[in-house]
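Below is one structure, written out as structure tokens; the observations come after it.
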Amino acid sequence: MTIDRRTLLRATAGGATAGALGIAAPAAAGRPRPTVFVAGDSTAATYAVADHPRAGWGQALPVFLRDDIRVVNEALSGASSKSFVDLGRLDRILAAIGPGDVLLISFGHNDSKTADPARYTEPWTTFQDYLRLYLNGARAARATPILVTPVERRRFTAEGTPYLSHGEYPAAMRDLATTTRTPLIDLTDLSFALWGELGPEATKDHFLWLDAGESPNYPDGVVDNTHFQAHGAIEVARLVVAASRRIPGRDQRALGRTGIPDDVLVWPPTRPAES
């Protein structure tokens with residue numbers, strides 16, 4: 001996503017910050033600005049104007065970071081830990097990442113698709129093997145890798161009790177974090193607790209549940225228990241940033257602020273991670 005200086009000046013004159021636009025203010029002379037890279041799937045991806053109000057948590061990370069922190073969101077719809085590598089997305093990150101940067105690594109939604117050999121990984125073998133490529137690549141560049149277990153879907157029993165949907169993938173990632181001494185954000189656990197606290201009805205405002213006519217991009221309405229609308233993406237990004245002090249430039253005031261409006265997010269003309 002590229003935003004020219006005129007766009008930045010117009011937006012900041014209107015009250016938006018560089019961080020809200022998902023870009024960073026110029027770094028102080030001689031001091032490289034830290035960058036947070038995101039490797040993940042559709043739940044983290046950045047969405048375009050034509051997808052509004054759908055949004056991913058990687059798209060919302062700048063809301064909770066200082067303006068001098070840059071976010072490069074490479075999360076890709078449909079990606080697994082394997083297909084992300086095979087498509088060259090990890091190589092793209094490793095060509096740009098450097099000392100002081102952070103790589104957030106979050107997969108599991110698509111790794112479980114046994115009928116799709118391009119994406120399927122087995123949790124205790126190939127899933128961990130592919131994740132090691134991300135860890136080793138980031139460390140070779142003297143960056144900090146952080147494993148992020150997959151965000152939970154909206155799943156409730158008829159009695160309104162939430163239940164887990166990712167099988168053994170979160171446990172396999174936790175195990176890998178322990179054995180490789182890698183920082184972990186247990187987003188599966190954090191999001192599961194949040195969905196349980198909110199309950200079946202309130203979670204609809206976080207996930208992509210829209211009535212017919214509510215959005216011109218979804219004229220017939222939509223019921224999606226995996227992906228988020230802006231409010232949900234913002235709240236999941238809050239969970240991610242609040243969970244790890246290793247993420248640079250955390251904005252404590254933003255983390256403590258409730259009622260953050262959806263329009264702090266930016267939907268670019270095209271999906272930047274797919275261009």
Side-chain angles (χ1 to χ4, degrees), residues 1-3 5 7-9 11-12 14-29 31-41 43-47 55-75 93 96-106 134 138 141-149 151 182-187 190-191 194 206 228-268 271-273:
M1 175 182 178
T2 301
I3 298 179
R5 183 173 176 79
T7 303
L8 175 60
L9 290 174
T12 52
T17 66
L21 288 168
I23 58 178
R31 294 184 62 191
R33 57 187 180 181
T35 300
V36 177
F37 291 83
V38 182
D41 54 41
T43 61
T46 294
Y47 290 92
W57 61 258
Q59 184 173 359
L61 286 176
V63 174
F64 300 104
L65 302 176
R66 294 195 317 260
D67 288 350
D68 62 321
I69 305 301
R70 183 168 171 250
V71 175
V72 175
N73 187 11
E74 288 282 356
I93 290 173
I97 202 168
D101 293 339
V102 164
L103 174 57
L104 300 176
I105 307 152
S106 186
Y134 298 78
R142 292 190 293 157
T144 299
I146 300 176
L147 290 168
V148 183
T149 57
V151 62
T182 301
L184 175 78
I185 296 172
D186 198 342
L187 187 57
L190 292 169
S191 58
L194 178 58
H206 290 64
F228 307 109
Q229 53 183 300
H231 180 63
I234 290 168
E235 292 309 313
V236 174
R238 187 198 303 272
L239 294 177
V240 171
V241 175
S244 179
R245 294 187 179 276
R246 293 178 181 268
I247 297 176
R250 301 192 314 162
D251 186 336
Q252 292 298 142
R253 288 182 299 177
L255 286 170
R257 189 178 303 138
T258 59
I260 294 175
D262 293 352
D263 61 9
V264 301
L265 299 190
V266 171
W267 286 264
R271 294 184 185 181

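Screening Val71, Ile69, Asp67 for a side-chain contact (heavy atoms from CB on, under 4.5 Å) with Pro62, the sole residue that qualifies is Val71.
With a 4.5 Å cut-off on side-chain heavy atoms, Leu61 and Leu104 count as touching. Taking the side chain as every heavy atom from C-beta outward, Trp57 and Leu187 approach each other to under 4.5 Å. In this structure, Phe64 and Ile234 have side chains that are in contact, with non-hydrogen atoms separated by less than 4.5 Å. In this structure, Ile105 and Pro145 have side chains that are in contact, with non-hydrogen atoms separated by less than 4.5 Å. The shortest side-chain heavy-atom distance between Val72 and Asp101 does not fall under the 4.5 Å cut-off. Two residues are said to be in side-chain contact when any heavy atoms from C-beta on lie closer than 4.5 Å; Val151 and Ser106 fail this criterion.
Not counting sequence neighbours, the partners of Thr149 by the side-chain hydrogen bond (donor to acceptor under 3.5 Å, both in side chains) test are Asp186, Thr188. Considering only residues two or more places apart in sequence or on other chains, Asp251 meets the salt bridge (charged side-chain N to carboxylate O under 4.0 Å, His left out) condition with none of them. Under the rule for a ring pair (Phe, Tyr, Trp, His ring centres under 6.0 Å), Tyr47 has no partner lying at least two apart in sequence or in another chain. Residues satisfying the side-chain hydrogen bond (donor to acceptor under 3.5 Å, both in side chains) criterion with Thr182, sequence neighbours excluded, are Arg139, Thr180.
Contact between Ala44 and Asn73 at its shortest, heavy atoms only, is O-ND2, 2.9 Å. Between Thr46 and Gln59, the shortest heavy-atom distance links the atoms CA-OE1, 3.4 Å. Looking at every heavy atom in both residues, Leu65 comes nearest to Pro248 through CD2-O, 3.6 Å.
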Name the atoms and distances for all side-chain donor-acceptor pairs under 3.5 Å in residues 239-246, with sequence neighbours left out.
unit_1, atom_1, unit_2, atom_2, d
Ser244, OG, Arg246, N, 3.2

Could you give the side-chain donor-acceptor pairs of residues 253-262 under 3.5 Å, partners two or more places apart or in another chain?
none

Take Thr35 and Ile97 through the side-chain contact (heavy atoms from CB on, under 4.5 Å) test and state the conclusion after the steps. CA-CA 8 Å; Thr35 300; Ile97 202 168; over 6 Å; no
